[in-house]
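Scope of the values below: all heavy atoms of this structure, side chains included, with no hydrogens, waters or symmetry mates. Proteins come first, then strands; the chains are lettered A, B, ... in the order of their sequence lines, and each starts at number 1.
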There are 2 protein chains.
Amino acid sequence: MSGIRAQQKEKTRRQLIDAALGQLSSEKSFSSLSLREVAKEAGLAPTSFYRHFTDMDELGLTLVDEAGLTLRQLMRQARQRIEKGGSVIQISVITFMEFIENNGNIFRLLLRERSGTSPAFRAAVNREIRYFTMELCDYLQQVNKLDAEVAYLQANAAVTIVFSAGSDALDIEAKDYEQLANRTIQQLRFIAKGATEFNGRTELLKIKTKV
Amino acid sequence: MSGIRAQQKEKTRRQLIDAALGQLSSEKSFSSLSLREVAKEAGLAPTSFYRHFTDMDELGLTLVDEAGLTLRQLMRQARQRIEKGGSVIQISVITFMEFIENNGNIFRLLLRERSGTSPAFRAAVNREIRYFTMELCDYLQQVNKLDAEVAYLQANAAVTIVFSAGSDALDIEAKDYEQLANRTIQQLRFIAKGATEFNGRTELLKIKTKV
DNA sequence: AAAAATAGTGTACACGCGTACGCTGAATTC
DNA sequence: GAATTCAGCGTACGCGTGTACACTATTTTT
């Protein structure tokens with residue numbers, strides 16, 4: 001019952017996942033990664049790959065899931081820091097920037113596959129981001145007493161700004177991180193301020209667009 | 001001096017550019033496009049490609065330039081509409097959404113190459129977006145009398161939000177366009193409101209981050 | 001103890017790729 | 001009119017790709 005065989009299989013599967021993650025870089029995207037490259041890096045014959053995944057897409061979706069998991073762990077860390085005192089916006093941005101520093105390639109994967117050519121990938125990444133947004137939305141409703149609609153708009157805008165800043169962070173030097181973080185924090189404050197001002201005046205949210 | 005030869009060459013060059021643009025779709029990115037595919041679509045032998053571009057990268061950068069040009073034309077249109085009366089934010093968003101509808105593949109190119117694997121591509125796309133942001137920034141300073149720093153933060157955030165909405169627009173049905181546009185408009189209003197409130201209080205922009 | 005299942009291997013194939021090279025015929029220059 | 005330039009073509013090469021297939025060694029099931 002121990003399953004010495006299943007155990008070994010799981011280990012090899014991990015090697016494939018880690019091999020793929022390890023090959024990602026600013027110059028190498030997942031979609032430009034070949035089955036043979038991954039198998040080789042994992043110390044496997046190319047054909048053995050099929051014992052674990054039907055194709056590279058399946059491996060890729062696994063990576064996206066892992067990335068989402070990492071992101072959610074990150075958010076838990078951020079919440080812990082907030083409980084110890086500090087501005088929500090500031091702590092969140094700093095935590096996110098640290099994530100980029102430590103997991104640049106995972107974040108690159110999300111960014112790239114979000115606008116990539118595989119519908120399945122796009123859907124998977126958008127789902128992870130939706131989780132991210134929804135948890136922030138709940139928080140804003142409860143802590144800041146915002147209407148559902150306003151909270152959603154703020155959460156959505158905030159996540160967009162933070163992801164964009166993360167994307168920028170990938171291409172700049174460490175010394176410029178703080179400036180980027182400060183700008184991002186200020187932009188989030190603009191949004192928060194605007195959301196608070198509009199809250200309760202939902203009639204303003206209905207806009208007539210020319211048809 | 002007429003240059004019947006140069007004329008023909010220019011025409012063929014255009015065919016290559018159009019062939020590349022025509023092959024882009026939600027399932028096909030520029031980076032997954034081969035020299036041979038493009039040449040074939042343009043009705044050329046693969047080796048003839050080299051008479052016009054040294055490699056696919058050079059063609060790609062040309063496409064990015066064209067996309068930037070199209071975007072700037074779009075902004076001119078938007079300004080014309082505003083002069084005839086109407087909210088800046090509303091007109092801008094509607095104009096941008098129309099751009100997405102008519103030039104989905106060009107916009108996809110920008111989105112994808114911005115986070116792609118070629119440093120040259122990333123730089124080119126970011127340059128185009130910077131133009132876009134700077135023109136908005138100037139506008140905000142002049143028309144809304146904002147400080148340089150606040151105007152930049154607002155312009156940067158607004159462009160980020162609009163591009164993100166454009167990205168979302170690519171994946172939804174036409175009937176949901178209006179809802180997306182309305183949300184985007186409201187988010188831009190949050191940002192504008194926040195920027196106005198913080199304007200002139202620049203001491204608040206300096207934030208101490210933990211080192 | 002025998003039989004079945006299966007993770008991993010090695011060989012082999014057709015395919016599309018970028019591109020080097022030499023040629024051709026028309027436009028351009030002299 | 002002769003010489004030169006050059007856009008476009010066809011052939012050919014080596015390379016990396018995904019994956020079909022048959023095989024082996026070991027674990028698991030019977």
Side-chain angles (χ1 to χ4, degrees), chain A residues 1-25 27-63 112-113 116-121, chain B residues 1-25 27-63 112-113 116-121:
Chain A
M1 279 298 114
S2 71
I4 177 167
R5 195 169 210 157
Q7 212 171 319
Q8 177 56 38
K9 184 170 184 180
E10 180 55 34
K11 192 176 159 191
T12 308
R13 186 186 144 97
R14 259 261 59 95
Q15 280 170 358
L16 281 170
I17 293 174
D18 291 341
L21 265 181
Q23 309 228 60
L24 296 180
S25 73
E27 277 88 16
K28 190 94 189 167
S29 72
F30 180 80
S31 48
S32 73
L33 212 56
S34 76
L35 182 153
R36 287 174 109 105
E37 281 176 300
V38 175
K40 186 174 186 179
E41 177 79 10
L44 278 184
T47 48
S48 300
F49 180 94
Y50 297 107
R51 302 288 181 201
H52 303 274
F53 303 97
T54 70
D55 53 22
M56 282 292 286
D57 270 28
E58 198 171 295
L59 207 193
L61 289 173
T62 306
L63 289 188
R112 285 171 176 159
E113 298 310 327
T117 52
S118 158
F121 273 42
Chain B
M1 277 299 113
S2 72
I4 178 169
R5 194 170 210 156
Q7 214 169 318
Q8 178 56 38
K9 183 170 186 181
E10 181 55 34
K11 192 178 160 190
T12 307
R13 186 187 143 98
R14 261 258 64 91
Q15 280 172 359
L16 281 170
I17 293 176
D18 291 342
L21 266 181
Q23 309 229 62
L24 296 180
S25 72
E27 277 87 18
K28 190 93 189 167
S29 71
F30 180 80
S31 48
S32 73
L33 211 57
S34 75
L35 182 153
R36 287 174 109 105
E37 281 176 301
V38 175
K40 187 175 185 177
E41 176 79 10
L44 277 184
T47 48
S48 300
F49 180 95
Y50 297 107
R51 301 288 180 199
H52 304 274
F53 302 98
T54 69
D55 53 24
M56 283 292 285
D57 270 28
E58 198 171 295
L59 207 194
L61 290 173
T62 306
L63 289 188
R112 284 171 175 158
E113 299 310 329
T117 52
S118 157
F121 274 40

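B:D18 places no side-chain N or O within donor-acceptor distance of the main-chain N or O of B:L21, the cut-off being under 3.5 Å. Listed for the B:Q23 side chain is no donor-acceptor partner under 3.5 Å among the backbone atoms of B:L33. Looking only at distances, no side-chain donor or acceptor of B:D57 sits under 3.5 Å from a matching main-chain atom of B:G60. The main-chain N or O of B:G43 is never found under 3.5 Å from a side-chain atom of B:Q15 such that the two would form a donor-acceptor pair.
With rounding to whole Å, A:L16 atom CG is found 12 Å from C:dG8 atom C1'. Taking atom NZ of A:K11 as the reference point, atom C1' of C:dG8 lies 14 Å away to the nearest angstrom. Residue A:R13 contributes atom CZ, which lies 13 Å from atom P of C:dG8 at whole-angstrom precision. For the pair A:K28 NZ and D:dG16 C1', the interatomic distance rounds to 11 Å; values are reported in whole Å. Remark: C1' of D:dG8 and CD of B:Q15 are 12 Å apart, rounded to the nearest angstrom. Residue B:K40 contributes atom NZ, which lies 19 Å from atom P of C:dT19 at whole-angstrom precision. Summarising the geometry, the separation between CD on B:E10 and C1' on D:dA7 is reported as 14 Å, rounded to the nearest angstrom. D:dT26 atom P lies 18 Å from atom CD of A:Q7, rounded to whole Å.
The base of C:dT28 does not come close enough to the side chain of B:R5 for any donor and acceptor atom to sit less than 3.5 Å apart. Residue-to-nucleotide contacts include a donor-acceptor pair under 3.5 Å from the side chain of B:T47 to the base of D:dG10.
Remark: A:S25 pairs with no residue by the side-chain hydrogen bond (donor to acceptor under 3.5 Å, both in side chains) rule, at least two apart or across chains.
Between B:R36 and B:Q8, the residue anchored closer to the 5' end of DNA chain D is B:Q8, taking for each the nucleotide with the nearest heavy atom.
Dashed line: the shortest gap from a side-chain N or O of A:S48 to OP1 or OP2 of C:dT9 is under 4.0 Å.
Side-chain contact between A:F30 and A:L24: present, with at least one pair of heavy atoms (C-beta onward) separated by less than 4.5 Å. In this structure the side chain of B:S31 reaches within 4.5 angstrom of the side chain of B:E113, judged on heavy atoms.
Residues of residues 49-58 of chain B that place a heavy atom closer than 4.0 Å to DNA chain D, in numerical order, are B:R51, B:H52.
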